[in-house]
Asks: 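The following block contains the structure, expressed as structure tokens.
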Amino acid sequence: MNDTRALAAQALADVALRGASLRDAMEQRAPKLHDPRDRALLMALLSDGARWWLRFDAALDHLLDKSLRRKEPEVHALLVLGLVQLEILQLQDYAAVAATVEATRALNRPRLSGLVNAVLRRWQRERETLLTQLDAQPQTRYAMPPWLVETISADWPTRADDIFADSNREPPLMLRVNGRRIARDVLLEKFRADGYDIQAHPWLRDGLVLPHSTDVTRMPGFSDGLFAVQDGAAQAAADLADVRNGQRVLDACAAPGGKACHLLERADIALTALEFDAGRAKRIRQNLDRLGLQAAIQIGDAGNPQSWWDGKLFDRILIDAPCSATGVMRRRPDVRLHRRASDIATLVAQQQRILTALWPLLAPGGRLVYITCSLLRAENEAVVEHFLAGRNDVDVLPLTLPAGQAAATGWQILPGDGDLDGMYYAVLEHR
């Protein structure tokens with residue numbers, strides 16, 4: 001099958017109704033499309049289909065007499081994509097409807113083509129009324145699950161609407177220059193000479209910013225390891241770690257290796273990249289090899305050091321803790337479909353276990369940077385404050401960045417602050 005919308009419907013049904021990751025669904029279908037324009041459309045449909053699923057899935061309850069979710073999940077997903085094309089991608093009405101109807105035949109569901117046509121035509125007729133109904137509730141206005149609306153509203157009462165809106169905006173594409181291979185200004189001019197609309201990031205010394213996503217593998221210098229894709233909020237970790245030549249450094253929970261590579265680009269260090277999942281650890285090796293960097297990759301549980309640690313203390317420890325990923329929903333829109341309220345307590349317990357287990361591995365005077373890509377206070381300052389309670393061997397270092405705001409302990413960037421992803425940091429020093 002090479003019908004882009006039909007492929008997108010199959011993939012979106014996997015993501016929204018069967019729990020598959022957006023990345024896996026995209027990687028499985030994209031090779032079936034040979035035209036880069038078709039692959040770009042597939043990515044746009046899938047990303048916005050996942051991002052706006054909770055809005056347009058609810059709309060179909062008003063438009064259908066009987067739900068198709070169980071009996072015809074791909075057709076149900078196709079209808080969501082039809083509404084995404086009309087309302088989000090704003091494709092020409094006739095073309096969007098006709099192509100979506102045609103996709104039912106590519107899905108081997110020709111008997112449902114009339115129903116798909118009728119539903120999309122009814123949306124067009126009743127659009128204003130239906131939009132008013134959807135906008136009446138924050139969960140359908142912003143396509144967020146109710147539990148997340150409630151939690152973010154409680155944690156950030158004056159910023160909640162901004163957080164929801166910014167989590168639904170297309171993020172810029174941010175690159176990190178590999179300073180071991182090229183100077184940022186040189187690479188910047190190289191890109192501009194090739195016609196790219198690109199700027200140096202105003203305060204991240206290795207950062208470059210493009211306004212829209214593109215196929216980075218086609219950009220000059222990618223195969224030579226001159227740069228990597230990394231959001232600016234994640235790039236700030238290297239500044240906070242402040243690595244120096246000759247130090248021993250642990251990057252716990254390291255996959256896919258972006259922060260580890262950035263630390264290695266900054267200084268001549270002996271870095272151990274620890275990852276629990278052997279499959280994900282392969283991506284660390286791929287990134288290291290492309291960028292021309294060396295590290296020891298260790299498979300193991302960060303919360304159980306005795307199974308992998310050699311007994312030598314580290315001068316720096318980076319904990320990019322497993323978390324809800326609620327700060328990166330603009331890049332990973334499927335997070336809102338897969339994360340559940342019940343996950344948070346499990347994640348918090350895991351974060352506390354890792355932080356407590358790794359602290360004894362830090363040398364006196366050493367620095368530990370605790371990071372999550374979460375917006376939820378329970379995963380951020382609450383975890384750090386729980387760790388600090390009753391301890392007398394920790395100093396919390398003062399922390400200020402040009403974007404974001406001080407948390408009760410540490411620093412919080414919310415989505416859109418400085419056009420960055422949401423991320424939390426705390427920097428702890430071993431007395």
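Residue numbers start at 1 and run along the sequence shown.
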Asks: Distance-only criterion, 3.5 Å: show the donor-acceptor pairs between side-chain atoms of residues 111-120 and protein atoms not counting sequence neighbours.
Replies:
residue	atom	partner	partner atom	Å
Arg111	NH2	Glu72	OE2	3.0
Ser113	OG	Pro110	O	2.8

Asks: From the options Arg184, Arg181, Arg266, select the one residue that forms a salt bridge (charged side-chain N to carboxylate O under 4.0 Å, His left out) with Asp206.
Replies: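 Going through Arg184, Arg181, Arg266 one by one, the salt bridge (charged side-chain N to carboxylate O under 4.0 Å, His left out) with Asp206 is satisfied by Arg266 alone.
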Asks: Hey, does the side chain of Asp3 reach the backbone of Ala106 with a donor-acceptor pair shorter than 3.5 angstrom?
Replies: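 Between the backbone of Ala106 and the side chain of Asp3 there is no qualifying donor-acceptor contact (under 3.5 Å).
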Asks: Measuring from atom CH2 of Trp156 to atom CD of Gln405, what distance do you get when rounded to the nearest 0.5 angstrom?
Replies: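 Spacing of CH2 (Trp156) from CD (Gln405) equals 4.5 Å.
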Asks: Within the side chain of Asp417, is there an N or O that forms a donor-acceptor pair under 3.5 Å with the backbone of Leu414?
Replies: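 Checked: pair present.
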Asks: Kindly say whether Leu22 contributes a backbone atom to a donor-acceptor pair with the side chain of Asp334 at under 3.5 angstrom?
Replies: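 Present.
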Asks: What I want to check is whether the side chains of Glu379 and Ser324 have a donor and an acceptor closer together than 3.5 Å.
Replies: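 Present: a donor and an acceptor within the cut-off.
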Asks: Report the C-alpha distance between Asn168 and Arg336 in whole Å, list the side-chain angles of each, state the deciding distance to 0.1 Å, and finish with yes or no for side chain to side chain donor-acceptor pair (under 3.5 Å).
Replies: CA-CA 11 Å; Asn168 285 330; Arg336 70 189 75 198; 2.8 Å; yes
Asks: Output yes when a side-chain donor or acceptor of Gln235 lies under 3.5 Å from a complementary backbone atom of Leu175, and no otherwise.
Replies: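 Here the side-chain-to-backbone pair exists.
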Asks: Can you classify the ring geometry of Trp203 versus His201 as parallel (below 30°), tilted (30 to 60°) or perpendicular (above 60°)?
Replies: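 Trp203 and His201: perpendicular rings.
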Asks: Minimum heavy-atom separation for Trp411 and Ala403, please, with both atom names.
Replies: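 Looking at all heavy atoms of both residues, the closest pair is NE1-O, 2.7 Å.
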Asks: Test salt bridge (Lys or Arg N to Asp or Glu O under 4.0 Å) on Arg69 and Asp61 and set out the steps.
Replies: CA-CA 10 Å; Arg69 288 183 194 88; Asp61 288 334; 2.7 Å; yes
Asks: For the residue pair Gln412 and Ser374, what are the closest heavy atoms and their distance?
Replies: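 In terms of heavy atoms, the two residues are closest at NE2-O, 3.2 Å.
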Asks: Under 3.5 Å, is there a donor-acceptor pair between the side chain of Arg330 and the main chain of Leu420?
Replies: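 Here the side-chain-to-backbone pair exists.
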Asks: Assess the residue pair Met423 and Asp231 against the criterion (side chain to side chain contact (heavy atoms under 4.5 Å, CB included)); give the C-alpha distance rounded to whole Å, side-chain angles, the decisive distance to 0.1 Å, and a yes or no.
Replies: CA-CA 10 Å; Met423 198 156 288; Asp231 184 75; 5.8 Å; no
Asks: Just checking Arg70: does its CZ atom have more than 12 heavy atoms from other residues, nucleotides or ligands closer to it than 6.0 angstrom?
Replies: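 Count not over threshold, so no.
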Asks: Do the two ring centres, one from Trp53 and one from His76, sit under 6.0 Å apart?
Replies: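 Yes: the rings meet the under 6.0 Å criterion.
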Asks: Does Leu240 form a side chain to side chain contact (heavy atoms under 4.5 Å, CB included) with Leu401? I'd like the steps, not just the answer.
Replies: CA-CA 10 Å; Leu240 300 177; Leu401 294 173; 4.3 Å; yes
Asks: Return yes if some donor-acceptor pair links the side-chain N/O of Asp251 with the main-chain N/O of Lys259 below 3.5 Å, else return no.
Replies: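 Not a single qualifying donor-acceptor pair exists.
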Asks: Does Arg316 use its side chain to pair, donor to acceptor, with the backbone of Asp242 at less than 3.5 Å?
Replies: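 Flag set: sc Arg316 to bb Asp242 pair under 3.5 Å.
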Asks: Out of the candidates Val383, Leu376, Thr372, only one should pair with Cys323 under the side-chain contact (heavy atoms from CB on, under 4.5 Å) rule; please name it.
Replies: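 Between Cys323 and the candidates, side-chain contact (heavy atoms from CB on, under 4.5 Å) is satisfied uniquely by Thr372.
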Asks: List the steps and the verdict of side chain to side chain contact (heavy atoms under 4.5 Å, CB included) for Asp419 and Val209.
Replies: CA-CA 10 Å; Asp419 221 357; Val209 186; over 6 Å; no
Asks: Under the salt bridge (Lys or Arg N to Asp or Glu O under 4.0 Å) criterion, do Glu265 and Arg176 qualify, and how do the steps go?
Replies: CA-CA 10 Å; Glu265 291 163 2; Arg176 186 192 75 242; 2.9 Å; yes
Asks: Can you name the residues that form a ring pair (Phe, Tyr, Trp, His ring centres under 6.0 Å) with Phe227, not counting sequence neighbours?
Replies: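 Here the qualifying residues are Phe191, Phe222.
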Asks: Identify, with sequence neighbours excluded, every residue that meets salt bridge (Lys or Arg N to Asp or Glu O under 4.0 Å) alongside Arg127.
Replies: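 Applying salt bridge (Lys or Arg N to Asp or Glu O under 4.0 Å) to Arg127 gives Glu87.
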Asks: Show the numbers, then the answer: is there a salt bridge (Lys or Arg N to Asp or Glu O under 4.0 Å) between Asp194 and Lys190?
Replies: CA-CA 7 Å; Asp194 274 34; Lys190 187 179 182 70; over 6 Å; no
Asks: Between Gln92 (side chain only) and Tyr94 (backbone N and O only), is there a donor and an acceptor less than 3.5 Å apart?
Replies: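 Pair absent, no side-chain N/O of Gln92 close to backbone of Tyr94.
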Asks: If only side-chain N and O atoms count, and only distance matters, is there a donor-acceptor pair under 3.5 Å linking Arg121 with Gln124?
Replies: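 Yes, Arg121 and Gln124 have a side-chain donor paired with an acceptor closer than 3.5 Å.
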Asks: For Asp35, what residues pass the side-chain hydrogen bond (donor to acceptor under 3.5 Å, both in side chains) criterion, not counting sequence neighbours?
Replies: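 Once residues adjacent in sequence are excluded, the partners of Asp35 under the side-chain hydrogen bond (donor to acceptor under 3.5 Å, both in side chains) criterion are Arg37.
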Asks: Does CD belonging to Glu170 count more than 12 external heavy atoms closer than 6.0 Å?
Replies: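 Counting neighbours around CD of Glu170, more than 12 heavy atoms of other residues, nucleotides or ligands fall under 6.0 Å, so yes.
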Asks: Taking all heavy atoms of Gly422 and all of Leu375, pick out the closest pair and write down the distance.
Replies: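 Closest heavy-atom pair between Gly422 and Leu375: CA-CD2, 4.1 Å.
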Asks: Tell me every residue that passes side-chain hydrogen bond (donor to acceptor under 3.5 Å, both in side chains) with Thr272, counting only those two or more places apart in sequence or in another chain.
Replies: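 In terms of side-chain hydrogen bond (donor to acceptor under 3.5 Å, both in side chains), with neighbours along the sequence ignored, Thr272 is linked to no residue.
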Asks: Arg290: which residues meet the side-chain hydrogen bond (donor to acceptor under 3.5 Å, both in side chains) condition with it, sequence neighbours left out?
Replies: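 Here no residue qualifies.
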Asks: Would you check if there is a donor-acceptor pair between the side chains of Gln199 and Arg192 at a distance under 3.5 Å?
Replies: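 On atom types as modelled, these side chains qualify, holding a pair under 3.5 Å.
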Asks: Donor-acceptor pair, Thr151 side chain versus Leu148 backbone, under 3.5 Å?
Replies: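 Checking the backbone N and O of Leu148 against the side chain of Thr151, no donor-acceptor pair under 3.5 Å is found.
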Asks: Apply salt bridge (Lys or Arg N to Asp or Glu O under 4.0 Å) to residues Asp343 and Arg340 and explain how you reach the verdict.
Replies: CA-CA 5 Å; Asp343 296 338; Arg340 301 288 181 265; over 6 Å; no
Asks: I'd like to know whether Val427 forms a side chain to side chain contact (heavy atoms under 4.5 Å, CB included) with Arg367, so could you lay out the CA-CA distance, the side-chain angles of the two residues, the decisive distance to 0.1 Å, and finally the verdict.
Replies: CA-CA 7 Å; Val427 181; Arg367 178 179 295 195; 3.5 Å; yes
Asks: Would you say NE2 of His338 has more than 12 non-hydrogen atoms from neighbouring residues, nucleotides or ligands within 6.0 angstrom?
Replies: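 Yes, enclosed.
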Asks: When you measure from the side chain of Trp308 to the backbone of Ile299, do you find a donor-acceptor pair of N or O atoms at a distance under 3.5 Å?
Replies: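 Checking the backbone N and O of Ile299 against the side chain of Trp308, no donor-acceptor pair under 3.5 Å is found.
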Asks: Could you give the distance from CD1 (Ile284) to NZ (Lys282), rounded to the nearest 0.5 Å?
Replies: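 So the CD1 of Ile284 and the NZ of Lys282 are separated by 12.5 Å.
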Asks: Answer yes or no: is there a side-chain heavy-atom contact under 4.5 Å between Leu355 and Leu368?
Replies: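 The answer is yes, as the side chains (C-beta and beyond) meet within the 4.5 Å cut-off.
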